[in-house]
K.L.:
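One structure coming up, written as structure tokens, with questions to follow.
What you are looking at is a predicted structure, and each value in this text was computed from that prediction instead of being measured. Residue numbers start at 1 and run along the sequence shown.
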Amino acid sequence: MLNNRQRALVLGGGGFVASSWITGLITGMAESGIDVRDADVLIGTSSGARVALQLASGAPLEEVFARQIGAAPHVGRQSGAVDWDRLQREVARAKELGGDRAEILRRIGQLAFALERPDQRTLMATQLPMEHWPERRVRLIALNAETGVRRAFDRASGIDLADAVMATTASFGAAPVWFEGQPYIDGGYYSSDNADLAAECGRVLVLALKAPPWAMRLVSLEDGIAELRASGAEVELIQPDDEAMEVIASAGSPMNPAVFEPVTRAGRAQGLRVVAQRGTAGFW
């Protein structure tokens, strides 16, 4: 049942670019008087999940901002190049074969089983702002690679926090994360934001990048928001504006550590503009 008093903050994925822009945006908005960290539930997909945990940690935003600016030396060595052309072709083929969403996602999930890389759990654990699930309501979205069904991991799921984060970020060459005998991969293969999973809330703020032409998600941001609005929720969407897009376009690929500082700063500048344009007595 829709609870109009509940507010959800939905944070989309998109590699280092997404986590940097979202972190900067939220910092800039708070600096101007709108602090979206007080949402009743935080929903994060892929890199958006990492930001959600930073917000739930209770650390000062300036500290979170500074950590994102200087994150490049701490991201770890990338484990080999991903054949993006091949992966995009295979995902496109999985969609072309048709069927319902679960059937298509099962095909996409099968691609993950061919990927191998060294165990990254220890590195992941050292990058998280806390060892265990926070008290705040945080939901991290992953996709079951065998069934094609999404799962929203939270503190009641029984999964270790590090494993949940590895599951929702299991893309870019990462193998699936196994939990309760089931393999999980990046929830971004369903949707970059999974905004529809906030349907129990009356007000939803979605922070998401604009999808590139090669985006491999099955459900578009627009379709997900339409589903959410059909449930009766009031939805606000913020995406990079022209100034932020200019920086994003020139910063490099989504997983290039060089994007951290310029994109985080661009996000902060946009956050200041957002509040200046919309005021502090608006949606949130």
Side-chain angles (χ1 to χ4, degrees), residues 7-72 74-75 129 136 138 192-193 195 198 201 203-212 221-222 225 233-254 256-284:
R7 295 176 299 175
L9 177 62
V10 176
L11 309 177
F16 299 151
V17 165
S19 59
S20 297
W21 173 75
I22 291 172
T23 299
L25 182 78
I26 291 172
T27 303
M29 292 176 67
E31 186 177 342
S32 293
I34 297 181
D35 193 342
V36 298
R37 290 177 298 172
D38 61 0
D40 296 289
V41 59
L42 305 173
I43 299 176
T45 299
S46 195
S47 53
R50 291 173 176 263
V51 181
L53 292 175
Q54 294 289 346
L55 301 181
S57 71
L61 267 180
E62 286 297 335
E63 180 180 314
V64 174
F65 179 84
R67 188 181 300 132
Q68 189 71 23
I69 287 283
H74 308 290
V75 296
R136 294 282 309 278
V138 177
S192 62
D193 56 280
C201 295
R203 285 183 290 166
V204 182
L205 176 59
V206 181
L207 308 182
L209 297 180
K210 297 176 181 178
L221 172 65
E222 294 75 18
I225 288 179
E234 182 183 357
V235 185
E236 181 88 356
L237 169 65
I238 300 178
Q239 294 182 287
D241 59 14
D242 290 344
E243 290 89 341
M245 281 302 301
E246 184 175 349
V247 175
I248 289 171
S250 62
S253 70
N256 179 0
V259 309
F260 282 117
E261 182 167 357
V263 175
T264 307
R265 293 193 186 281
R268 185 172 194 161
Q270 183 180 350
L272 298 174
R273 291 193 295 270
V274 165
V275 179
Q277 293 164 2
R278 306 185 185 201
T280 58
F283 175 79
W284 199 248

K.L.:
To the nearest 0.5 Å, what is the distance between CD (Glu261) and CD1 (Ile69)?
P.N.:
5.0 Å
K.L.:
Treating Ser46 as the side-chain partner and Gly13 as the backbone partner, does any N or O pair qualify as donor plus acceptor under 3.5 Å?
P.N.:
no
K.L.:
Taking side chain to side chain contact (heavy atoms under 4.5 Å, CB included) as the definition, give me every residue that meets it alongside Ser253, ordered by chain and number, with sequence neighbours left out.
P.N.:
Asn256
K.L.:
Can you measure from CG (Leu237) to CG (Leu207) and round to the nearest 0.5 angstrom?
P.N.:
8.5 Å
K.L.:
Roughly how far, to the nearest 0.5 Å, is CD of Glu63 from CZ of Arg67?
P.N.:
4.5 Å
K.L.:
What pairs meet the side chain to side chain donor-acceptor pair (under 3.5 Å) rule with one or both residues in residues 237-248, with sequence neighbours excluded?
P.N.:
Asp241-Arg273
K.L.:
Just how far is it from atom CD1 of Ile26 to atom CD1 of Ile34, taken to the nearest 0.5 Å?
P.N.:
12.0 Å
K.L.:
Give me the atom names and distance for the closest heavy-atom approach of Gly28 to Leu272.
P.N.:
O-CD2, 3.4 Å
K.L.:
Does the side chain of Leu209 reach to within under 4.5 Å of the side chain of Leu221, using non-hydrogen atoms?
P.N.:
no
K.L.:
To the closest 0.5 Å, what do you measure between CD1 (Ile43) and CG (Asp193)?
P.N.:
10.0 Å
K.L.:
Report the residues that fulfil side chain to side chain donor-acceptor pair (under 3.5 Å) with Gln68, sequence neighbours left out, ordered by chain and then residue number.
P.N.:
Ser19, Ser20
K.L.:
Working to the nearest 0.5 Å, report the span between CD1 of Ile22 and OG1 of Thr27.
P.N.:
11.5 Å
K.L.:
Taking the side chain as everything from C-beta on, heavy atoms only, tell me whether Leu55 gets closer than 4.5 Å to Leu11.
P.N.:
yes
K.L.:
Hey, are the side chains of Val206 and Ile238 touching, using non-hydrogen atoms and a 4.5 Å cut-off?
P.N.:
no
K.L.:
For Gly12 versus Ala18, what's the shortest heavy-atom pair and its separation?
P.N.:
O-CB, 4.0 Å
K.L.:
Would a 4.5 Å heavy-atom cut-off, applied to side chains only, mark Val204 and Glu234 as touching?
P.N.:
no
K.L.:
What I'd like to find out is whether the side chain of Pro240 reaches to under 4.5 Å of the side chain of Trp21, using heavy atoms alone.
P.N.:
yes
K.L.:
Enumerate the residue pairs fulfilling salt bridge (Lys or Arg N to Asp or Glu O under 4.0 Å) with a member in residues 25-41, sequence neighbours excluded, ordered by first and then second residue.
P.N.:
Arg7-Asp38, Glu31-Arg268, Asp35-Arg37
K.L.:
Kindly write out the residues that satisfy salt bridge (Lys or Arg N to Asp or Glu O under 4.0 Å) with Arg136, not counting sequence neighbours, or none if the list is empty.
P.N.:
none
K.L.:
Among residues at least two apart in sequence or on other chains, which ones pass side chain to side chain contact (heavy atoms under 4.5 Å, CB included) with Ala39?
P.N.:
Leu9, Leu42, Trp284
K.L.:
Compare every heavy atom of Val138 with every heavy atom of Ala56, then report the nearest pair and how far apart it is.
P.N.:
CB-CG2, 3.8 Å
K.L.:
May I ask you to decide if Gly24's main-chain N or O and Thr264's side chain share a donor-acceptor pair within less than 3.5 Å?
P.N.:
no
K.L.:
Is there side-chain contact between Pro257 and Phe16, with at least one heavy-atom pair below 4.5 Å?
P.N.:
yes
K.L.:
Mind listing the closest non-hydrogen atom pair of Leu61 and Ala30 along with its distance?
P.N.:
CD1-CB, 3.4 Å
K.L.:
Going by ring-ring contact (aromatic ring centres under 6.0 Å, His included), name the residues that satisfy it together with Phe65, two or more places apart in sequence or in a different chain.
P.N.:
none
